[in-house]
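Read the structure below first, then the notes.
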Protein chains: 2
Amino acid sequence: MSLEHILLGLLREPASGYDLKKLFEERLSHIWRAELSQIYPTLKRLERRGLVDSREAAARRGSGRRLYALTKAGRQELHVWLSGPPQFADERMAWVAQLYFMGELEDLDQTMRFLGSVRAHFAAKLAALSAIQRMWTAADPRYPRDLPVEDLHVHFALRKGMCSLAAHIEWCDESVAELTARLEARSSGTSREPGAAEEAP
Amino acid sequence: MSLEHILLGLLREPASGYDLKKLFEERLSHIWRAELSQIYPTLKRLERRGLVDSREAAARRGSGRRLYALTKAGRQELHVWLSGPPQFADERMAWVAQLYFMGELEDLDQTMRFLGSVRAHFAAKLAALSAIQRMWTAADPRYPRDLPVEDLHVHFALRKGMCSLAAHIEWCDESVAELTARLEARSSGTSREPGAAEEAP
DNA sequence: GACAATTATATAAAGAGTTATATATTGACA
DNA sequence: TGTCAATATATAACTCTTTATATAATTGTC
């Protein structure tokens, strides 16, 4: 189970369930997301298996917090996961399925609007990752060539997100261009469209 | 629930659960996957809701088959889904998480091997999609500019997969190049590595 | 002093997907 | 004749994830 391993990875420094949720949002939002209702029971399971241990600590506010930390066995398990083969899972992309079936609507304007929404979505995500990279570049003169090994890997993961998103945007533009060419061909000369005949009967 | 809508999309022609599983594998493998154990109960649910209806039919082999077909309500529901906003879901990419934490291992050779596996994986997937595109190009002289509207959308979805995969491969190459530069810098001149001192003590 | 926001943990219930298993029929091949 | 592969449906058990809800203390604000 990947969530377990990711929690082990995040627990290089001791953290509470609440902290871990924040770490997911701040550092891993482009890779994985997890809800508190999933994190808490998973931490308990990891503790039962001896991969993490916990101690109570004073809360800044609210009820007491429980800080979890990696055990030796936990670090070993993490290394096994990291040394193993890449774990691929096939994606489920509902929005691509929508596009796949959208010919059914026979409405290329709808397709155009749809591609616009898609492009905006990915552009926003790319802007967020670019901002992170810019911050990093400004803050650390070693970026990225001379980063410490750990940060280099984080950099790779960030670049993965940026490259994917940039490709999505380019694909949107390619598709919009193909659609536009088609719509122009339709509105000018050779038209067999049912709607076009209404213009000059 | 997206699987329901995808089944509605596939059911433009009547099909059995078994047929639909094949359609997922043949046409939608780069977009969505579904197991028979998920398809059968989903079809029953769709029938209870009046979005599809079914009739028994003779099986080519095996026990009798049940053919499902879209109802009017089903087609309407499909159109609502297709007219709605794109449904994005954040991906969970275990392999990127592995890379993110891989600095922990302090073994850049392992990182290199990992990136090699990743590249091979995506290259194989891209080859599969490219083959589909080549077949299509060869079979239909209208590809892609003058395709019927329906096929144009299928083409867009295929191109989405190809663009993503090509970007993944480029990212792999970029990362390998950065890693290589680093490994060469380490093996030549300025070395503070613990292993390097053993060469000439 | 009331109220909202934040910090913090916990659990129940539902939904989505995977794995394993059971059944039955037919055709091909050895 | 036996058995393997393909066609076809069905269900149980399990895992993973989301949504909703409950509790409780503290800080800042109006």
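None of these values were measured; they are calculated from a predicted model. Just so it is clear: chains get the letters A, B, ... in the order the sequence lines come, proteins before strands, and each one is counted from 1.
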>> Going by side-chain hydrogen bond (donor to acceptor under 3.5 Å, both in side chains), name the residues that satisfy it together with A:D140, two or more places apart in sequence or in a different chain.
In response: A:R142
>> Quick check for you: to the nearest 0.5 Å, what is the distance between A:S175 atom OG and B:H155 atom NE2?
In response: 6.5 Å
> Are A:R65 and A:D19 within salt-bridge range, i.e. N to O under 4.0 Å?
Replying inline: yes
> Separation of B:E4 atom CD from C:dG15 atom P, in whole Å?
Replying inline: 11 Å
> Are side-chain heavy atoms of B:H30 and B:I132 found at a separation under 4.5 Å?
Replying inline: no
>> In this structure, how many angstroms lie between the P atom of C:dT6 and the CG atom of A:L36, rounded?
In response: 15 Å
> In residues 15-26 of chain B, what residues come within less than 4.0 Å of DNA chain D, judged by heavy atoms?
Replying inline: B:S16, B:G17, B:Y18, B:K22
>> Using the ring centroid of each side chain, check whether A:F122 and B:F88 are separated by less than 6.0 Å.
In response: yes
>> Expressed as a whole number of angstroms, how long is the span from B:I39:CD1 to C:dT18:P?
In response: 10 Å
>> Could you tell me how far apart B:L7 (CG) and C:dA16 (C1') are, to the nearest whole angstrom?
In response: 13 Å
Counting only pairs under 3.5 Å, give me each side-chain donor-acceptor contact of residues 93-101 of chain B, with atom names and distances, residues two or more places apart or in other chains.
from, atom 1, to, atom 2, distance (Å)
B:Q98, OE1, A:Q87, N, 2.9
B:Q98, NE2, A:W81, O, 3.0
B:Q98, NE2, A:P85, O, 3.3

> Want to settle it: does B:R66 or A:M1 sit nearer the 5' end of DNA chain D, counting the closest nucleotide to each?
Replying inline: B:R66
> Are any of the side-chain nitrogens in A:E35 or A:K21 under 4.0 Å away from the carboxylate oxygens of its partner?
Replying inline: yes
For residues 1-14 of chain A, tabulate all N or O donor-acceptor pairs below 3.5 Å that involve a side-chain atom, not counting sequence neighbours.
from, atom 1, to, atom 2, distance (Å)
A:E4, OE1, A:R49, NH2, 2.4
A:E4, OE2, A:R45, NE, 3.0
A:E4, OE2, A:R45, NH2, 3.1
A:E4, OE2, A:R49, NH2, 3.1
A:H5, ND1, A:M1, O, 3.1
A:H5, NE2, A:E77, OE2, 2.8
A:R12, NE, B:E104, OE1, 3.0
A:R12, NH1, A:E150, OE1, 3.2
A:R12, NH1, B:E104, OE1, 2.9

> Looking at A:R92, does any N or O in its side chain come under 4.0 Å of the phosphate oxygens OP1/OP2 on C:dG17?
Replying inline: yes
>> With a strict under 4.0 Å distance from non-hydrogen atoms of chain A, what nucleotide opens and what nucleotide closes the contacted stretch of DNA chain D, reading 5' to 3'?
In response: D:dC16 to D:dT27
>> Between B:A58 and A:S2, which residue's closest nucleotide on DNA chain D lies nearer the 5′ terminus?
In response: B:A58
> In whole Å, what is the span from the CD atom of B:E35 to the P atom of C:dA20?
Replying inline: 11 Å
> Could you give all pairs that pass the side chain to side chain donor-acceptor pair (under 3.5 Å) test and reach residues 126-136 of chain A, with sequence neighbours left out?
Replying inline: A:Q133-A:Y143
> Roughly, in whole Å, what's the span from CZ in B:R33 to C1' in C:dT18?
Replying inline: 8 Å
